[in-house]
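Index from 1, following the sequence.
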Amino acid sequence: MIDNIEKILERGDKIDNLVDKTSQLETESKKFESNARELKWKMFKKRLILTALVIGVLGVVIFIIVLIACSKDGVNFNKCKSSDSGSGGNGGGGNDPTAAP
């Protein structure tokens with residue numbers, strides 16, 4: 001009978017130990033979840049900033065290419081404007097000899 005009482009006390013100690021470990025694990029899992037959420041947000045912001053930077057750089061590069069292509073002497077966009085503004089939208093400038101009058 002004394003042997004049974006000792007086993008019950010040992011079992012109670014093991015259960016108490018298990019409850020303590022469970023509480024500790026729950027606390028650590030909440031910390032992990034919080035840190036993971038914070039890291040996810042930081043990485044999203046970093047990716048967003050990088051995307052904005054790439055789009056900005058591409059915009060500047062395209063602007064410079066258009067500026068170089070359209071300017072002859074200095075900054076002049078007259079070279080890029082269509083010389084025949086009343087062509088009717090046929091894309092050829094109105095100089096097609098096979099077009100119907």
Side-chain angles (χ1 to χ4, degrees):
M1 185 149 134
I2 294 176
D3 202 29
N4 287 339
I5 294 174
E6 287 179 11
K7 286 181 182 180
I8 291 173
L9 290 175
E10 285 179 19
R11 184 175 170 215
D13 289 341
K14 288 180 181 179
I15 290 175
D16 287 341
N17 191 14
L18 187 60
V19 168
D20 290 341
K21 286 183 180 181
T22 304
S23 296
Q24 183 182 4
L25 186 60
E26 182 181 10
T27 303
E28 288 177 8
S29 70
K30 287 181 181 180
K31 285 181 186 177
F32 178 79
E33 184 181 12
S34 174
N35 289 341
R37 191 176 297 122
E38 183 180 338
L39 179 63
K40 184 179 178 182
W41 178 246
K42 283 181 181 179
M43 293 305 293
F44 174 75
K45 288 193 300 187
K46 190 174 186 179
R47 194 176 327 123
L48 187 65
I49 290 171
L50 182 63
T51 302
L53 264 165
V54 167
I55 290 172
V57 167
L58 284 176
V60 168
V61 168
I62 290 172
F63 178 74
I64 290 173
I65 290 172
V66 168
L67 189 67
I68 290 171
C70 291
S71 63
K72 192 172 191 177
D73 297 322
V75 180
N76 186 1
F77 288 105
N78 289 333
K79 184 178 178 183
C80 290
K81 291 182 181 178
S82 174
S83 62
D84 189 16
S85 61
S87 66
N90 62 4
N95 294 332
D96 188 7
T98 60

Please step through salt bridge (charged side-chain N to carboxylate O under 4.0 Å, His left out) for the pair K14 and E10, ending with a clear verdict. CA-CA 6 Å; K14 288 180 181 179; E10 285 179 19; 5.2 Å; no

Distance in Å, D13 CG paired with I8 CD1, rounded so as to fall on 0.5 Å steps: 12.5 Å

How is the hydrophobic cluster of I5 composed, in terms of its other members, when Ile, Leu, Val, Met, Phe, Trp and Tyr link through side-chain heavy atoms under 4.5 Å apart, directly or indirectly? L9

Going by chain and number, the hydrophobic cluster around V19 (ILVMFWY, side chain to side chain under 4.5 Å) further includes I15

Partners passing salt bridge (charged side-chain N to carboxylate O under 4.0 Å, His left out) against E6 (at least two apart in sequence or in another chain): none

If you link ILVMFWY side chains whenever their heavy atoms are less than 4.5 Å apart, which other residues fall into the same cluster as I65? By chain and number, please. V57, V61

To the nearest 0.5 Å, how far apart are CG in L39 and NZ in K46? 10.0 Å

hydrophobic_cluster_shared for L67 and L58, side chain cutoff 4.5 Å: no

If you link I, L, V, M, F, W and Y whenever their side-chain heavy atoms are under 4.5 Å apart, who else ends up in the same group as L18? none

Return a table of donor-acceptor pairs under 3.5 angstrom between the side chains of residues 27-37 and protein atoms on other chains or two or more places apart.
residue : atom : partner : partner atom : Å
T27     : OG1  : S23     : O            : 3.0
E28     : OE2  : Q24     : NE2          : 3.3
S29     : OG   : L25     : O            : 3.4
S29     : OG   : E26     : O            : 2.8
E33     : OE2  : R37     : NH2          : 3.0
N35     : ND2  : K31     : O            : 3.4

